[in-house]
Amino acid sequence: MKHLCKSVLLVWLFHHPFFTSAQKITMDNTMPRLDEKGQIVDAHDGRVIQFGDTYYWYGTAYGNTNGFTTQNQYRCYTSKDMMNWKYEGRLLEAPPEGVYYRPHVIYNKRTKKYVLWYNWYPKLWEGQFGVAISDTPQGPFKIVNENVQMHNSKIGLGDFGLFVDDDGTGYISYNTIQNHQVSVEKLSNDYLSSTLENGGTISQHMEAGTMFKKDGNYYLLTDYTCCFCNYGSGARVYMSNNPLKGYRLTTNINRYPGKYAALLNDGVTRGILYETLTKNEDGFDAVEVNFNEKHNIDKITLHVFTGNRPENCGDINNPRVHPEIKTPEFNVFAWDYDGWKKINIESRNVSKSALKEKIKLELKPTFSNRFKIVPSESETNLYVNEVELFNEEVSENTKGHFFIIGPKIPQKPIIPAQQTYVMKLNTDKGEAYIWMGDLWGSASDNIKGHDYQYWSAPLQFNPDGTIKSMQWTDSWSFELKK
């Protein structure tokens, strides 16, 4: 009897969910994702969302088209591990003829219905939203309204994203066709229509928005229109403590802010180990310092190389062979959520030695994690050996910060993808947030439906809730508890 009890206990321990071991999952961004038949998954500009123990990938199938045809169709794929996918079929029952994009499915706990919102065009570019419902997440979905009236319906409806708050309230973030104005609107309790309660325009000329919530902060990510661009779009991060309004721009996590400038922080203050600040028609390049955490800065010292000046060899009428050394002026800015704020410089001290000027700026103490130093006056390019930051908290040897040199508006994306969705993923280490985007033009066979998707490693957050810039990752792994 004792042996029988032990056997029953071992069976119970093996099958009980509490004792289920974590499963290691690997995301590979270098290869197309395949279904169970070995076919490339053709599901774009949608979302991956978990219902129960299953992941559902909703997207637009483009096949071998340019994406602007009535052949577009919505598909659903399912997976237990986000690596092995099964094709479940089309989502919509008998949709009217038109051009279809951006399928998003959410679940309504009140009605116990799965709700599909989609963007479609009976005629390009007369955009509108449709809504369909199903008793199951894989569908098929039955259309209940093919022309949902929104606050901005009169100026056309384009890309969008859906978000369900902790209390079950639904929201839609969307852009218009005219001027691509981005706003957030509250949904009805059954998610089948809009309440027309709109928080107002957040930005313009944007598309492909997505919302999520973390630690009480609401995030809206969007960026400039891309139109199947193969160079990718950015990912501007707007934050608010209200899901409907009050969004402030914090950063762009998918734009290179500039060129890394390691020489500005290498401890060498003299000689030709310098970074060049180039003067152009728009002004000077800026030096920007980024901290992992916010710091209170009140002093900045710049070591400027005074060599590398042009000479007038053989010009006997010129009284000076080398141009006069002129000490440059600088402006200092701090990032304050929605833009750069100029810091008052309270004093300036200059000391000169062989081939170097040491310019010490005393500032009004300012608390931020990003500072920018911009030459305001100089006739030529500047050559900076070193930038030092001093006060009670920050010294020249402080770790956790880096320097960059860049233009006023960064242009190059880090990930050459157009944003589709930010997915909440439950891992063995807690909730993670995965940025997803379509790598348009990436398919080696040039078939649009075979274009790859980029699924980022979990987004990293600063202590103040802002998101750190992404970095390209070929593959990454995590453990998933069933």
Side-chain angles (χ1 to χ4, degrees), residues 43-47 58-62 65-74 91-92 95-106 115-132 143 145-163 170-187 191 193-194 196-211 220-229 231-236 238 244 247 254 417-422 436-438 440 448:
H44 303 271
D45 54 63
R47 66 167 56 192
Y58 303 103
T60 309
Y62 290 109
T65 72
N66 64 7
F68 297 107
T69 76
T70 57
Q71 297 180 48
N72 299 354
Q73 57 180 260
Y74 297 142
L91 284 182
L92 280 180
E97 184 173 90
V99 183
Y100 289 79
Y101 301 106
R102 298 274 170 193
H104 286 284
V105 175
I106 52 179
V115 182
L116 165 68
W117 279 66
Y118 57 94
N119 177 220
W120 75 292
Y121 302 80
K123 179 182 179 182
L124 291 176
W125 290 99
E126 298 175 358
Q128 56 193 52
F129 292 148
V131 175
I143 297 175
N145 190 347
E146 64 182 37
N147 189 10
V148 181
Q149 291 305 298
M150 309 293 292
H151 179 79
N152 293 315
S153 286
K154 291 183 179 180
I155 53 177
L157 306 176
D159 285 355
F160 74 98
L162 294 179
F163 165 72
Y171 297 89
I172 179 171
S173 59
Y174 68 98
N175 65 261
T176 60
I177 299 300
Q178 182 179 318
N179 293 329
H180 282 69
Q181 300 174 22
V182 175
S183 62
V184 179
E185 207 156 308
K186 186 178 178 181
L187 301 182
Y191 305 160
S193 62
S194 169
L196 302 182
E197 184 180 351
N198 187 287
T201 300
I202 298 168
S203 188
Q204 297 189 67
H205 313 297
M206 303 288 162
E207 67 179 6
T210 185
M211 288 178 64
L220 170 62
L221 276 64
T222 184
D223 202 60
Y224 290 132
T225 53
C226 174
C227 193
F228 297 134
C229 62
Y231 47 82
S233 63
R236 296 187 179 201
Y238 293 85
L244 201 60
Y247 286 92
N254 196 32
Q418 182 184 24
Q419 176 178 281
T420 62
Y421 186 57
V422 174
M436 296 178 166
D438 286 306
W440 298 121
K448 189 175 196 63

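Residues take their numbers from the sequence shown, with the count starting at 1.
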Within a radius of less than 6.0 Å around CD of Gln71, do more than 12 heavy atoms belonging to other residues, nucleotides or ligands occur? no
Between the side chains of Thr60 and Asp45, does any donor sit under 3.5 Å from an acceptor? yes
Taken to the nearest 0.5 Å, the spacing of Gln181 CD from Ile202 CD1 works out to 11.5 Å
Check whether any side-chain heavy atom of Leu116 lies under 4.5 Å from a side-chain heavy atom of Pro103, and answer yes or no. yes
query = Considering only heavy atoms from C-beta outward, does the side chain of Ile172 approach that of Val184 to under 4.5 Å?
reply = no
Quiz item: Which is it for Leu187 and Val115 under the side chain to side chain contact (heavy atoms under 4.5 Å, CB included) test, yes or no, and what are the steps along the way?
Solution: CA-CA 12 Å; Leu187 301 182; Val115 182; over 6 Å; no
Answer with yes or no after comparing the ring centroid distance for Tyr74 and Tyr118 against a 6.0 Å cut-off, counting only values under it. yes
Legend entry - Trace of the side chain to side chain contact (heavy atoms under 4.5 Å, CB included) decision for Tyr121 with Asn72: CA-CA 11 Å; Tyr121 302 80; Asn72 299 354; over 6 Å; no
Here the pair of heavy atoms bringing Tyr247 nearest to Leu220 is CE2-CB, 3.9 Å
Rounded to the nearest 0.5 angstrom, the OG1-CE distance for Thr176 and Met150 is 11.5 Å
Of all heavy-atom pairs linking His151 and Leu196, the shortest is N-CD2, 3.6 Å
>> For Gln128, is there any backbone N or O sitting under 3.5 Å from a side-chain donor or acceptor partner on Asn119?
In response: yes
message = Run the side chain to side chain contact (heavy atoms under 4.5 Å, CB included) test on Tyr171 and Leu244 for me, step by step, so that the C-alpha distance in whole Å, both residues' side-chain angles and the decisive distance to 0.1 Å come before the verdict.
response = CA-CA 8 Å; Tyr171 297 89; Leu244 201 60; 4.0 Å; yes
On a heavy-atom basis, the closest approach of Tyr231 and Cys226 is OH-O, 4.4 Å
- Message: Contact between Phe163 and Val422 at the side-chain level, heavy atoms closer than 4.5 Å - yes or no?
- Response: no
- Item | Any side-chain donor near an acceptor of the partner, Asn198 and Ser183, under 3.5 Å | yes
- Message: Is it the case that the side chains of Gln418 and Glu207 hold a donor-acceptor pair, with the cut-off being a distance below 3.5 Å and no angle test?
- Response: yes
Within the distance-only criterion (no hydrogens, no angle test), does the side chain of Gln419 pair as donor or acceptor with the backbone N or O of Ala208 below 3.5 angstrom? yes
Sidechain-backbone polar pair: Thr420 side chain, Met436 backbone, donor-acceptor under 3.5 Å: yes
- Could you label the plane-to-plane angle of the Phe129 and Tyr174 rings as parallel, tilted or perpendicular, counting under 30° as parallel and over 60° as perpendicular? perpendicular
Any chance the side chains of Glu185 and Ser194 put a donor and an acceptor closer than 3.5 Å? yes
Check: Tyr62 ring centroid to Phe228 ring centroid under 6.0 Å:
yes
In this structure, CG of Asp438 is separated from OH of Tyr421 (nearest 0.5 Å) by 15.0 Å
Worksheet item: Among side-chain atoms of Ser203 and Tyr238, is any donor-acceptor pair under 3.5 angstrom?
Response: yes
Here the pair of heavy atoms bringing Val182 nearest to Met206 is CG2-CB, 3.3 Å
Using only atom types and a distance under 3.5 Å, with no angle test, would you say the side chain of Trp120 pairs donor to acceptor with the backbone of Glu97? no
Of all heavy-atom pairs linking Ile143 and Pro96, the shortest is CD1-CD, 3.8 Å
Verify whether the ring centers belonging to Phe160 and His104 lie closer than 6.0 Å. yes
Quiz item: For Tyr224, is the NZ or CZ atom of Arg236 found under 6.0 angstrom from the centre of its six-membered ring and inside 45 degrees of the ring axis?
Solution: yes
Heavy-atom nearest pair, Ile106 first then Arg47, reads CG2-NH1, 3.6 Å
Practice item. For the residue pair Tyr101 and Phe68, categorise the inter-ring angle as parallel (less than 30°), tilted (30 to 60°) or perpendicular (more than 60°). Key: perpendicular
If we ignore hydrogens and angles and just use 3.5 Å, is the side chain of Asn175 paired with the main-chain N or O of His180 as donor and acceptor? no
